2 protein chains.
Amino acid sequence: MSPRKLEIHQVAATLMRQKGYANTTVRDIASEMNMEAASLYNHIASKEEILANICFQFADQLEQGILEINDIYFNAKEKLKMAITQHILLLTQDLDASYVFIHEWKYLTDDKKVEFIARRDVYEKQFRDIVVLGEKEGSFLEVDQKFAVITILSAINATIEWYKPSGSLTPQQVADKLTNFILTGLSNPHH
Amino acid sequence: MSPRKLEIHQVAATLMRQKGYANTTVRDIASEMNMEAASLYNHIASKEEILANICFQFADQLEQGILEINDIYFNAKEKLKMAITQHILLLTQDLDASYVFIHEWKYLTDDKKVEFIARRDVYEKQFRDIVVLGEKEGSFLEVDQKFAVITILSAINATIEWYKPSGSLTPQQVADKLTNFILTGLSNPHH
DNA sequence: TTGCAATACTAACAACCGTTAGTTAGTTTT
DNA sequence: AAAACTAACTAACGGTTGTTAGTATTGCAA
């Protein structure tokens, strides 16, 4: 991807986070790039291509990360902690693209949408494997797995709603907070 | 609200959950109602009015519920359990409206959007009070409150992503699972 | 220096958008 | 019976949408 094309994707992601995919027009993107809408089409094939690129690039990174984690032998707690950490690192690294990945993929159409859902399912499956491993080890409570994975991922993804890179928390600290919360909950065991 | 107007709101909520607010046209809504788009305007003032009604009606119910819970004296764990339960009951009762409330309020404009955010903040404040109470009691761990509330609410709201009314779980059972998860986490304490 | 790819432009298109105006038929209220 | 209200219609509006066609300008490779 050429530098100019990459720039377009970044600008588009920012706008789509602000206004949503459907309300972000190619003229908006072009304007922010100081060019005409038609000129965008020297770089991109369609508006949806931008959306697809952002979504799938993010999916690629997440998937690659969790596959590596599950490839190497760790116990479930370590794996969960690593998975959460890499997920948070990716999210906080580009909040605009993250937002599009989490919320705007719905506006993909036909094949692309089907493909995206399949890719997301792969990721969730890898996550579920960690939960299953924990149950086998006895280190995790037995839970409804689909419920658990969706709940955990939603809690993790909520990070983009409040995280400010200019704030005092590092991404690693956020990951630690979340890991803690997901493992031990809110309740004080010494009460 | 007349029965016909209510019907329009339900149809609109269903479509907006399927396609998003921006991609749901008044012609779509009218078509689903077997009427012409212009005829809708005998019942509604604007497309945005529909969105606002759905969002604020939901906000009203949530707010009223948690104020009642916080009005009566219970300990923090009981309050949290009750708050989660009423939230889940409302969500599962109308998944379409819930989706619009959770995701599509962003498409409100100007005053309405400001007002909605303010209302949401009121709700989150009530939730935060429960967490604070728990800390004072010593029954909850000390946590970053804003983080905790957003994380908990995101986990709760994720219910609409997977819950099927035709499935085997009752809303109360979902609420119990979530309360359990949020209080004690995934980790097995006897390991 | 010529040629070519990259990148921008202007102009326009067909489709679709939310909404308004004006009208009509049927029902309810006075 | 007259008046008012309800809820539907057709027609059309001004604006916006993603996209295409055709053209000009640039900078680098041959």
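Reminder, nothing fancy here: chain letters follow the sequence lines and each chain counts from 1. From a predicted model like this one, the values you see are computed outputs, not experimental measurements.
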Student: Which ones in residues 35-55 of chain A lie close to DNA chain C, meaning a heavy atom under 4.0 Å from one of its atoms?
Tutor: A/Met35, A/Glu36, A/Ala38, A/Ser39, A/Asn42, A/His43

Student: Determine whether the side chains of B/Thr179 and B/Asp176 contain a donor N or O and an acceptor N or O closer than 3.5 Å.
Tutor: no

Student: Any ion pair linking B/Asp129 and B/Lys125 (charged N to carboxylate O, less than 4.0 Å)?
Tutor: yes

Student: For A/Gln57, does the CD atom sit with more than 12 other heavy atoms under 6.0 Å from it, leaving out its own atoms?
Tutor: no

Student: Quick one: do A/Asn42 and A/Ser39 satisfy side-chain hydrogen bond (donor to acceptor under 3.5 Å, both in side chains)? Show the steps, please.
Tutor: CA-CA 6 Å; A/Asn42 288 313; A/Ser39 307; 5.1 Å; no

Student: Could I get the full list of side-chain hydrogen bond (donor to acceptor under 3.5 Å, both in side chains) partners for B/Arg4, not counting sequence neighbours?
Tutor: B/Glu7

Student: Please answer: with hydrophobic residues joined when any side-chain heavy atoms are less than 4.5 Å apart, are B/Tyr163 and B/Ile102 in the same cluster?
Tutor: yes

Student: I'd like the 5' and 3' limits of the part of DNA chain D contacted by chain B, with heavy-atom contacts below 4.0 Å.
Tutor: D/dA7 to D/dA12

Student: Is there any salt bridge (Lys or Arg N to Asp or Glu O under 4.0 Å) pair reaching into residues 158-174 of chain A, and which pairs are they, with sequence neighbours excluded?
Tutor: none

Student: Compute the centroid of each ring, for B/Phe101 and then for B/Phe116, and state whether the two points are separated by less than 6.0 Å.
Tutor: yes

Student: Locate the shortest heavy-atom distance separating B/Gln172 from B/Thr85; write the atom from each residue and the value.
Tutor: OE1-CG2, 3.2 Å

Student: Salt bridge (charged side-chain N to carboxylate O under 4.0 Å, His left out) with B/Glu49: which residues, sequence neighbours excluded?
Tutor: B/Lys5

Student: Using a cut-off of strictly less than 4.0 Å between a heavy atom of the residue and any atom of DNA chain C, enumerate the qualifying residues of residues 8-34 of chain A by number.
Tutor: A/Arg27

Student: Could you tell me the separation between the CZ atom of A/Arg4 and the C1' atom of C/dC9, rounded to a whole number of Å?
Tutor: 14 Å

